Peer 1: 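Sharing a structure here in structure tokens format.
Remember, it's a predicted structure, so these values are computed and weren't measured experimentally. Just so you know, residue 1 is the first one in the sequence shown, and it goes up from there.
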Amino acid sequence: GVERAAALRRFAAQLRESERMTRGEVAYAASASSTSASERRGDLQCYVACDEDAALSALACVTDALAARAEPDRSLARGRAMVSCFEKGARFRTHYDNPNRNGRVLTFVYYLNDGWDAGRDGGELRAYLIRGESEKVCATVAPLRDRLVMFASATVAHEVLPVKGE
């Protein structure tokens with residue numbers, strides 16, 4: 001709940017202050033483009049073990065239970081958590097989280113933003129259904145505190161719209 005989001009926000013701030021976060025890198029884009037990595041992705045990020053923080057460990061229990069319900073016929077192993085910070089002006093253009101199908105099945109996004117107004121502050125997650133050359137917006141999700149989003153890593157193209165807030 002709200003307390004977990006506040007605790008995770010403090011943990012993310014500690015990661016940022018410790019300089020463990022670095023500029024995100026682009027491994028694969030959903031569509032070919034001549035834009036540079038910094039134009040495609042503007043977040044700070046780092047990977048952490050889920051047992052590194054109590055609130056993150058509690059969230060991992062929730063995502064594990066959801067993953068088991070979403071994929072009941074698979075034995076899924078949880079990887080490290082990616083903690084990201086999108087500053088004003090940052091975005092992450094359309095991409096897949098696992099285009100090469102190297103084992104990642106599900107992506108979970110958990111938002112920590114306090115007092116966020118998507119209309120004013122931007123930063124929405126937009127998911128697409130892409131078939132060949134056609135693209136259709138399936139969902140636009142506001143990054144509101146304590147919101148958890150789950151989607152298929154290999155088949156859901158998505159982007160983070162430009163962040164206008166602090």
Peer 1: Which pairs of donor and acceptor atoms, one on a side chain in residues 12-19, lie under 3.5 Å apart (sequence neighbours left out)?
Peer 2:
from: Arg16; atom 1: NH2; to: Glu87; atom 2: OE2; distance (Å): 2.2
from: Ser18; atom 1: OG; to: Gln14; atom 2: O; distance (Å): 3.2
from: Ser18; atom 1: OG; to: Leu15; atom 2: O; distance (Å): 2.9

Peer 1: When you group the ILVMFWY residues by side-chain heavy-atom contacts below 4.5 Å and let the links chain together, are Phe92 and Val163 in the same group?
Peer 2: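 Yes, Val163 connects to Phe92 through the hydrophobic network.
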Peer 1: Under the 3.5 angstrom rule, does the side chain of His95 hit a backbone N or O of His158 as a donor-acceptor pair?
Peer 2: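 Yes, His95 side chain to His158 backbone: donor-acceptor pair under 3.5 Å.
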Peer 1: Can you give me every donor-acceptor pair (side chain of residues 136-151, partner residue at least two apart or in another chain, under 3.5 Å) with its distance?
Peer 2:
from: Thr140; atom 1: OG1; to: Arg126; atom 2: NE; distance (Å): 3.0
from: Arg145; atom 1: NH1; to: Asp114; atom 2: OD1; distance (Å): 2.7
from: Asp146; atom 1: OD1; to: Tyr110; atom 2: OH; distance (Å): 2.5
from: Arg147; atom 1: NH1; to: Ala142; atom 2: O; distance (Å): 2.9

Peer 1: When hydrophobic residues are tied together by side-chain contacts of less than 4.5 Å, even through go-betweens, does Leu112 share a cluster with Val160?
Peer 2: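 Different clusters.
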Peer 1: Please determine whether residues Val62 and Tyr111 belong to a single hydrophobic cluster, defined as Ile, Leu, Val, Met, Phe, Trp and Tyr linked transitively by side-chain heavy-atom distances below 4.5 Å.
Peer 2: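 Per the 4.5 Å side-chain linkage, Val62 and Tyr111 are not co-clustered.
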Peer 1: Please list, one pair per line, the donor and acceptor atoms closer than 3.5 Å that link side chains of residues 64-77 to other protein atoms, with sequence neighbours excluded.
Peer 2:
from: Asp64; atom 1: OD1; to: Arg78; atom 2: NE; distance (Å): 3.0
from: Asp64; atom 1: OD2; to: Arg78; atom 2: NE; distance (Å): 3.3
from: Asp64; atom 1: OD2; to: Arg78; atom 2: NH2; distance (Å): 2.6

Peer 1: Just verifying a value: how many Å separate Leu44 CG and Arg23 CZ, rounded to the nearest 0.5 Å?
Peer 2: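 Going from CG on Leu44 over to CZ on Arg23, the span is 4.5 Å.
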Peer 1: Looking only at heavy atoms, which two atoms of Arg91 and Leu161 are closest? And how far apart?
Peer 2: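 Heavy atoms only, the tightest pair is CB-C, 4.2 Å.
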Peer 1: If you round to the nearest 0.5 Å, how far is CD of Glu124 from CD of Glu159?
Peer 2: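 Here the interatomic distance stands at 10.0 Å.
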Peer 1: Under the 3.5 angstrom rule, does the side chain of Ser153 hit a backbone N or O of Asp97 as a donor-acceptor pair?
Peer 2: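 Not confirmed, Ser153 side chain does not pair with Asp97 backbone.
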Peer 1: Find out if a path of hydrophobic residues (ILVMFWY) with successive side-chain heavy-atom gaps under 4.5 Å connects Leu59 to Met82.
Peer 2: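 No.
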Peer 1: Mind checking the CD-OH spacing from Glu52 to Tyr47? Nearest 0.5 Å is all I need.
Peer 2: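 Going from CD on Glu52 over to OH on Tyr47, the span is 14.5 Å.
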Peer 1: Would Val156 end up clustered with Val109 when hydrophobic side chains under 4.5 Å apart are linked, directly or stepwise?
Peer 2: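 Same cluster.
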Peer 1: State the CG-CZ distance between Asp121 and Phe86, to the nearest 0.5 angstrom.
Peer 2: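 Separation between the atoms: 14.5 Å.
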